[in-house]
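Structure record follows, encoded as structure tokens.
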Amino acid sequence: NRISINQAENVTLSNLSASILEGITASGFELDSKGDITDENTIVTTGDSVFVSTGNITLDDEDNAFGNLALTGLAINVHSTENIVLSRLDATSAVLDSNKAISDLSNAQVLVAGSADLSARQNITLGAGGNTVEFGSVSLLGNVVNIVETNAAVLQQVDVSELTYAASGEIVGTSIIDVTGTISLSADDGNANVSISNESNKLNTLAVDGAAVEIANSQAIVLDDIDVQSFILTTIGNVTDGASDQIVVQGLASINAGSGSISLGGVGNQTDAVQFGSVELTANVIDLTQTGDISIAGLAAQGDVSLVSASGNISSNESATITSDSGDLTLLVGAANGLIDFKTTGEFSDVRLAGLNVSYQEQGDIDLVGVVAETLNLSASGNISNQENTTIAVAANAGFTAAGDVTLGVNSTVNFGSINVSAGSASVSEGSATVLSGLTVGNDFTLNSIGSVTNTGSLTVAGTTGIT
């Protein structure tokens, strides 16, 4: 039962009972035991080491050192002061601890039916050679970790500097995952789901390739390359992207930054590409620039909101809830034929709009700080006005509908192709000739025009009309 070997070459042993190793020093060592294998002293091998047991294997002496290591048993616990290089691991559970690195050979099989706990002071690399790696679940402690698993992955506690994890199925993590650098996840080449759901996760930079992806985090995060069908991110801190990333969400992207801000695709990120099928955003300040259409499924901001579509349209879904704690709103379409069709359920402070055909509705007052459009339709449950020193340029017709009053052009540059107003009272100052395409004013109407004043539609003013 007790085995001690000193200064041997290649040793092969078979034992019909449990084996207690009292000290092994050999080039190669192979042991087949019909019971547990344990060590009571140091094991040092420089060549291939093979341990096969019908029971458990415990080789945890603090000075152990192995060459290539093959392990077959039930619960396996191995410590090494040197690298752990696996040629085979077949266990119901496994704890591997290396003072250096953990890796596998290109033709290795790493099979752990239950939990695998891998700890290395340096890097962990498994499955990179295309060999079989399968864990019931895995915990990781190390520096740079790169694992390719040939089935679905269940991540337990993770504390590493970098993590690259590819699985042939879904990737699930419910324990705390702490990655100081980049975490890169690939689930079945983008065809399976990813769920990293612990709210105490500490993720700094995220890259993910998956189907339905859900990420929880406790701090600011940088989105790197994202290629998914749907995306849910909940965090407490700023959400930003890198300067050359590719972020593509085919369906809905829901990003909640809590009291942090969201800034994606904007200034400084000219080489990136951000595209969401539709997007729901919750944050303090929101700044989103997309390469194509922006479709807002929901928006809640404590501060300012800026939405910029470089080559598409900007719209809000019919059922979207869009609110702000009196921040400013900017909607900008860069395409020559870009459209804006936007409706809020809350009130913004100042509003800036630029597009070809612009339609904007707000629950509350609309206070304009800039408009450039071919056509414009504004609707407010309160008043419509503009700040001083504002430029409003609408080449064709501009329509203003307000439950309150409309006041436009005071100490500003305002020009319309034509204008239609429906309001309680209305006062318009235009820096060129004025064409009234329609008026429905419940009280007084005042118009100051630099040029001629004509009409193409019916004019109804219940109160006093003053035209200069």
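When side chains are defined from C-beta on, Gln219 counts as touching Asn204, because their heavy atoms get closer than 4.5 Å. Two residues are said to be in side-chain contact when any heavy atoms from C-beta on lie closer than 4.5 Å; Leu105 and Asn131 fail this criterion. In this structure the side chain of Val78 reaches within 4.5 angstrom of the side chain of Phe66, judged on heavy atoms. When side chains are defined from C-beta on, Val112 counts as touching Leu89, because their heavy atoms get closer than 4.5 Å. Proximity of Thr390 to Ile392: side-chain heavy atoms (C-beta onward) are separated by under 4.5 Å at one or more points. Side-chain contact check for Val333 versus Leu356: every heavy-atom pair is 4.5 Å or farther apart. Between Leu31 and Ile3, the closest side-chain pair of non-hydrogen atoms falls below 4.5 Å.
Without hydrogens or angle criteria, Asn83 side chain to Val85 main chain gives no donor-acceptor distance under 3.5 Å. Side chain of Gln302 to backbone of Asn284: a donor-acceptor contact under 3.5 angstrom is found. The main-chain N or O of Gly28 is found under 3.5 Å from a side-chain atom of Asn10 such that the two form a donor-acceptor pair. Judged purely by atom type and a 3.5 angstrom limit, Glu362 uses its side chain to pair as donor or acceptor with the backbone of Phe348.
For the residue pair Gln156 and Ser139, no side-chain donor N or O sits within less than 3.5 Å of a side-chain acceptor on the partner. Using modelled atom types, one finds a donor on one side chain and an acceptor on the other under 3.5 Å when comparing Asn143 with Ser161. In this structure, a donor-acceptor pair under 3.5 Å is present between the side chains of Asn1 and Ser17.
Enclosure of atom CD in Glu22 by more than 12 non-hydrogen atoms of other residues, nucleotides or ligands within 6.0 angstrom is indicated.
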Please test Arg352 against Asp350 for salt bridge (Lys or Arg N to Asp or Glu O under 4.0 Å), starting from the C-alpha separation and ending with a verdict. CA-CA 7 Å; Arg352 185 184 305 275; Asp350 298 336; over 6 Å; no
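When each of Val52, Ile76, Leu74 is checked for a side-chain contact (heavy atoms from CB on, under 4.5 Å) with Ile57, only Ile76 meets the rule.
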